[in-house]
Amino acid sequence: MKNYLAMLGLGVVLVGCGSAKQTVDDLAVSHPIVTALDLTAVNNDRVPVTINPGRFTAETVTYRLPRVVQGTYSVSDFGKYVDDFKALDYDGNELAVTKVDDNTWTITGATKLDKLQYYVNDTFDIETNGGIGGEQPFSPAGTNIEEDNYVLNLHGFIGYFDSLKNNQYALDVIAPANFVRTSALEDKGVKSSENGTVITSSYFAERYFDITDNPMMYGKLDVEEFMVGDIKIVLSLYSPTGKHTAASLKETVYKMMEAQKSYLGDVNSTPRYDIYVYLSKGDETSPKGFGALEHHTSTVVVFNENSPLEALKASMIDVVAHEFFHIVSPLSVHSEDVHYFDYNKPTFSKHLWMYEGVTEYFAQHFQVYEGLVDEATFYKTMKSKIDISTQRLDDAMSFTIMSENVLDEPYASQYYNVYMKGALMGMCIDILMRKESDGNRSMLSLMKELSAKYGKEKPFVDDNLIAEITAMTYPSVGGFLKTHVEGDVPINYDEFFAMVGLKKGESQVETNYIFAGGQNVIFDGDQEKGVIFFSPMVEKNSFWKSQGVKAGDVIKKVNGTDLTLANAQGVIGGMFGWQEGQEITMDLERDGKPMLIKATLTKAYATDESIVEDENASDAQKALRAAWLKG
């Protein structure tokens, strides 16, 4: 998503240059790779970076920035955003450098190499699709360089030498003294300039993985720190207009994480967890991929600055809860592909159904289990996942094959199903586990058992996991995994709902101004004509029906803003935040004639197929449902 580095000038950011003569073997412990980012020397929206690896004994060495980073399952090519890459010897002369591909540089005469210098452009500025389709980094994995804000996903600035990925790193970040700075990376102290206007913060990382796993945020930040049990939560927020504050989200995050800790029970957790929230203005240079990226002890979140506070709180619960539950999988339970991750040519595990799917299931299930939402809301959420998975995505695709080949088509475009069908797989296994054990075991207890068997430092063998789970659980669980996870047989969800005394029914449900119940979008578009119009589903939405809207009505303006295919994501996305009582206008065209809707928003309803409790359920079914939903 961004352009990168240019070239470094003088020695203001140079660290450890000159006389260090350590060998490659010595580097591992006594001589970290010394790196620096200078936020006071930004040139043309580019941050200068210096890398001092110490003395090499090899004549040729290779330096890379990541092509893929963990947790994204798509190509990012962070080397694309590097400019003016230079390798300098101890006398300041340039060494021969060959750029092998977008992310790789080979340095010749490496025995004389003193340091690398280059500039990095940020990715937020040039995003067009938020990372959808893998053409650019997913926004929460991206980088930002603004006068008052820096999102420092360090994998976008600092690379690695092929032979030194396990070496320690020392990092200096040089920044204006008035910047607020937050980082979970080990802080080794700060040093102020003589005039007090610049502060250098020093950090330490055990290996390159820790560089990629510990993002930072600098600049105009609003920060709240608070304890949830024995975990220190650091909530850092950047709101470009000042519309939102960390304090306004603090209670929501506190209640959410308190419930998550209760849900997880004795699962080992981190003593500190950082949440970095960047709110996007929605203009040309703002990030467009809303969501989050997990790390072991933190998450980077990108949301819409224009969201009403209540909508932002709801997003925090759904999205940040998901990321926090990643401390179970893949952070504690993962395969060798994850543990020995190759940033340039990664291989992928077969088990996205567990890493992302079960994690998403926990992020929804804990809410009903801990009383944050009622049963009907939980049923509605799972029903929407069924609708999306069965109606919009390939419901007859092996999840293990898709997962192992997630960068390639036809699998890459099905990745979203890990959050839909993957979560439903978690639900089905949870119900099976509770049924087979009279309510005593669950999907969560299984993950705890796997975590105890493996843990973050011991990966499992990818091909063995399903057999291991089968041996640890029941034949029914093994059969489900073989048939519906490894196999390509669609799941009959009615069978699982029947186990807990639920069935399909119809109900009048509250919706918003974009859907007509479930995931039935009320808009459609015509690429050739370049217009967006109401679909037949609009007549099932009570608000729009009351305004006399008809299928085929072309939408010209929303609240005075022209609606085009180019800006549809932002304009229609803003309608998610519409609230009852708000005044709105919409310019339409019907049969070539202009129409104007000017109205006060009322609640919108739709008749929708839903999951309801079966009045004829047996006591055993009711008991299993209670164990499933409340423990």
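Since the model is a prediction, treat every value here as computed from it, not as a measurement.
- In this structure, the side-chain contact (heavy atoms from CB on, under 4.5 Å) partners of Thr564, at least two apart in sequence or on a different chain, are Ala566, Asn567.
- The existence of a salt bridge linking Glu436 and Arg441 is excluded, since no basic side-chain nitrogen approaches an acidic carboxylate oxygen closer than 4.0 Å.
- Proximity of a side-chain donor or acceptor of His326 to a complementary backbone N or O of Ser329 within less than 3.5 Å is detected.
- A salt bridge does not link Glu370 with Lys261: none of the charged nitrogens is closer than 4.0 Å to a carboxylate oxygen.
- A salt bridge does not link Glu375 with Arg625: every distance from a Lys NZ or Arg NE/NH1/NH2 to an Asp or Glu carboxylate oxygen is 4.0 Å or more.
- The aromatic rings of Trp578 and Tyr513 sit tilted, their planes meeting at an angle between 30° and 60°.
- Ion pairing between Asp494 and Lys503 fails under the 4.0 Å rule for side-chain N and carboxylate O.
- Salt bridge absent: Asp102 and Arg67 never bring a charged side-chain N and a carboxylate O closer than 4.0 Å.
- Under the side-chain hydrogen bond (donor to acceptor under 3.5 Å, both in side chains) criterion, Thr72 pairs with no residue at all, not counting sequence neighbours.
- Every residue two or more places apart in sequence or in another chain that forms a ring-ring contact (aromatic ring centres under 6.0 Å, His included) with Tyr208 is listed here: Tyr160, Tyr169, Tyr343.
- Judged as a salt bridge (Lys or Arg N to Asp or Glu O under 4.0 Å), the pairs with a partner in residues 404-433 (not counting sequence neighbours) are, in order, Asp395-Lys421, Asp430-Arg434.
- Separation of the Trp628 and Phe378 ring centroids falls under the 6.0 Å cut-off.
- Remark: His484 pairs with Phe480 by the ring-ring contact (aromatic ring centres under 6.0 Å, His included) rule, at least two apart or across chains.
- Judged as a side-chain hydrogen bond (donor to acceptor under 3.5 Å, both in side chains), the pairs with a partner in residues 453-463 (not counting sequence neighbours) are, in order, Ser335-Asp462, Ser349-Asp462, Lys350-Asp463, Lys453-Glu468, Tyr454-Glu468.
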